[in-house]
Asks: 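Here it is, the structure, as structure tokens.
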Amino acid sequence: MLLTIDVGNTNMVFGLYEGDRLRGSFRISTNAERTSDELGMQISQYYHFHGIDRTETRAVIIASVVPPVMYTLINAIRKYLRVQPLVAGRDVDIGIENKYANPREVGADRLVNAVSAVKKYGKPLIIVDIGTATTFDAIDEHGAYQGGAIFPGLKVAMEALFLKASKLPRVDIERPEHAIGKTTVQSMQSGAVRGYVGALTGVITDIQKELGGNARVVATGGMGRMMASYCDLIDEVDPNLTLEGLRLIYENNRQAFAGCHLDGEDEPEGVEWREGK
């Protein structure tokens, strides 16, 4: 069993793989204040929910853009899953040519997404990850990572508007039928969603031109499916792009995971190890 973990600014997404089959996935909020025991117990509960014995986990691979949670996460995995996790881009090679001016500046999740997307959808390619931040990643016809664009996610933008404009309320993110809002809520929703779609369209169009005009567009992230329903330039929606990319990186680096299972360490105090004991 392989556990893949995508550590994002808002959520950590976990994927449980048996071979190339995703057995189950779950999310835990990203919180640097949580202890390793709290996090380990939450992970254990999700294993139990999916009916999977934790001792079946033989490898764990992580992609992270949140350094402050890594110490806690790694300790939780070591203690509760008995595995030494490896971090993509630090412990194992991601396996894609990176043409960023400073390759270390690129978030590991963006490169992991590229590995998965190229395998599934070919190249050239534009990946749009719509979450806390929205990132655009350009993959050229040779499969090399060229760079991209970043701007605030829709929820972040709406929260900033609520905090900075005293008379504007928090609103649900949805697109009203008409562009001309008849209430403050409708006006905010129309501006937010239609404005965001306009931004997506503009950035995608410009990147497509620089890639030669025929790049497919794949959306992922927490709001990927919703925004794809409004943006005609998005060809595919793939919510598990990062998890699948981590699985592929694991498959390409299996030798690095040899010996990562910590059979000799003591069980967590007060925790029965096998489900159903």
Asks: Please report the closest heavy-atom contact between T30 and G8, naming both atoms and the distance.
Replies: OG1-O, 2.8 Å
Asks: Between side-chain atoms of residues 136-156 and protein atoms elsewhere (two or more places apart, or another chain), which donor-acceptor pairs fall under 3.5 Å?
Replies:
unit_1 : atom_1 : unit_2 : atom_2 : d
D137   : OD1    : R110   : NE     : 2.6
D137   : OD1    : R110   : NH2    : 2.7
D137   : OD1    : Y145   : OH     : 2.6
D140   : OD1    : H142   : N      : 2.9
D140   : OD1    : G143   : N      : 3.0
D140   : OD1    : A144   : N      : 2.9
D140   : OD2    : Q146   : NE2    : 2.7
Y145   : OH     : R110   : NE     : 3.3
Y145   : OH     : R110   : NH2    : 3.1

Asks: With a 4.5 Å cut-off on side-chain heavy-atom distances among I, L, V, M, F, W and Y, is there a chain of contacts connecting I204 to M226?
Replies: yes
Asks: Just do the side-chain contact (heavy atoms from CB on, under 4.5 Å) check on I173 and M223 with the steps written out, would you?
Replies: CA-CA 10 Å; I173 297 175; M223 298 190 68; 3.9 Å; yes
Asks: Does a side-chain heavy-atom distance below 4.5 Å link E18 with I52?
Replies: no
Asks: Take L243 and F14 through the test side-chain contact (heavy atoms from CB on, under 4.5 Å) and record every step on the way to the result.
Replies: CA-CA 8 Å; L243 299 181; F14 297 73; over 6 Å; no
Asks: Over all heavy atoms of both residues, which pair between V118 and L125 is shortest? Give the atoms and the distance, please.
Replies: N-CD2, 3.9 Å
Asks: Working note: Q84 + I74, criterion side-chain contact (heavy atoms from CB on, under 4.5 Å); need CA distance, chi angles, decisive distance, verdict.
Replies: CA-CA 7 Å; Q84 174 63 48; I74 288 172; 4.1 Å; yes
Asks: If you look at every heavy atom in A108 and S64, which pair is closest and at what distance?
Replies: CB-O, 4.3 Å
Asks: Are E38 and N31 side-chain neighbours, meaning at least one heavy-atom pair lies under 4.5 Å?
Replies: no
Asks: For the residue pair L168 and T184, establish whether any side-chain heavy-atom pair is separated by less than 4.5 Å.
Replies: yes
Asks: Could you tell me whether a side-chain N or O of R194 sits under 3.5 Å from a main-chain N or O of P176, the two making a donor and an acceptor?
Replies: yes
Asks: To the nearest 0.5 Å, what is the distance between CZ (R54) and NE2 (H48)?
Replies: 10.0 Å
Asks: If you round to the nearest 0.5 Å, how far is CG of L39 from NZ of K79?
Replies: 12.0 Å
Asks: Distance from R247 atom CZ to N240 atom CG, nearest 0.5 Å?
Replies: 11.5 Å
Asks: Closer than 3.5 angstrom, by distance alone: can the side chain of S190 be matched with the main-chain N or O of A179 as a donor-acceptor pair?
Replies: yes
Asks: Compare every heavy atom of V115 with every heavy atom of G245, then report the nearest pair and how far apart it is.
Replies: O-CG1, 4.4 Å
Asks: Determine whether I5 and P85 make a side-chain contact, defined as any pair of heavy atoms from C-beta on separated by less than 4.5 Å.
Replies: no
Asks: How far apart are the C-alpha atoms of F257 and V92, what are their side-chain angles, what is the distance that settles it, and do they pass the side-chain contact (heavy atoms from CB on, under 4.5 Å) test?
Replies: CA-CA 9 Å; F257 291 84; V92 291; 4.1 Å; yes
Asks: When you compare the side chains of Y121 and D235, does any donor N or O come within less than 3.5 Å of an acceptor on the partner?
Replies: no
Asks: Between T4 (side chain) and G15 (backbone), is there a donor-acceptor pair under 3.5 Å?
Replies: yes
Asks: S29 versus R34: any side-chain heavy-atom pair under 4.5 Å?
Replies: yes
Asks: Flag yes if V13 and V87 sit in one hydrophobic cluster, no otherwise; membership is Ile, Leu, Val, Met, Phe, Trp, Tyr, and two members link when side-chain heavy atoms are under 4.5 Å apart.
Replies: no
Asks: Are any non-hydrogen side-chain atoms of I77 and I62 less than 4.5 angstrom apart?
Replies: yes
Asks: L211, V217: one ILVMFWY side-chain cluster at the under-4.5 Å cut-off?
Replies: yes
Asks: Linking I/L/V/M/F/W/Y whenever their side-chain heavy atoms sit closer than 4.5 Å, directly or via other members, would I130 and I207 fall into one cluster?
Replies: yes
Asks: Does D172 offer a backbone N or O that forms a donor-acceptor pair with the side chain of Q189 under 3.5 Å?
Replies: yes
Asks: Check this for me: Y71, atom OH, are more than 12 non-hydrogen atoms of other residues, nucleotides or ligands nearer than 6.0 Å?
Replies: no
Asks: Can you confirm whether E33 is buried at CD, in the sense that more than 12 heavy atoms of other residues, nucleotides or ligands lie under 6.0 Å from that atom?
Replies: no
Asks: Run through L248, L111, N252 and flag the one making a side-chain contact (heavy atoms from CB on, under 4.5 Å) with I94.
Replies: L111
Asks: Looking at every heavy atom in both V185 and P169, which two are closest together, and how far apart are they?
Replies: CG2-CG, 4.4 Å
Asks: Between T242 (side chain only) and N113 (backbone N and O only), is there a donor and an acceptor less than 3.5 Å apart?
Replies: no
Asks: Please examine the side chains of I28 and Y46, heavy atoms only from C-beta on, and report whether any two atoms are closer than 4.5 Å.
Replies: yes
Asks: Any side-chain heavy-atom pair from L246 and Y17 closer than 4.5 angstrom?
Replies: no
Asks: Which value, rounded to the nearest 0.5 Å, describes the distance between R254 atom CZ and R58 atom CZ?
Replies: 13.0 Å
Asks: For R175 and S229, does a side-chain donor sit closer than 3.5 Å to a side-chain acceptor?
Replies: no
Asks: When rounded to the nearest 0.5 angstrom, what is the spacing between CG in L81 and CE in M1?
Replies: 11.5 Å
Asks: Does L163, at its CG atom, have more than 12 non-hydrogen atoms belonging to other residues, nucleotides or ligands within less than 6.0 Å?
Replies: yes
Asks: State, to 0.1 Å, how close A256 and L86 come at their nearest heavy-atom pair, and which atoms those are.
Replies: O-CD1, 3.4 Å
Asks: With distance as the sole test, does E236 use its side chain to make a donor-acceptor pair with the main-chain N or O of V218 at under 3.5 Å?
Replies: no
Asks: Is a donor on one side and an acceptor on the other found under 3.5 Å between the side chain of T72 and the backbone of V69?
Replies: no
Asks: Any donor and acceptor pair, going by atom type alone, linking the side chain of N98 with main-chain N or O of P103 inside 3.5 Å?
Replies: yes
Asks: Report yes or no: do V83 and F26 belong to one cluster of Ile/Leu/Val/Met/Phe/Trp/Tyr joined by side chain heavy-atom distances under 4.5 Å?
Replies: yes
Asks: Just how far is it from atom OG1 of T57 to atom CD1 of I43, taken to the nearest 0.5 Å?
Replies: 10.0 Å
Asks: Is a side-chain donor or acceptor of T201 paired with a backbone partner of V197 at a separation under 3.5 angstrom?
Replies: yes
Asks: State whether the side chain of D53 and the backbone N or O of T55 hold a donor-acceptor pair below 3.5 Å, judged by distance alone.
Replies: yes
Asks: For N102, is the CG atom crowded, meaning more than 12 foreign heavy atoms sit under 6.0 Å from it?
Replies: yes
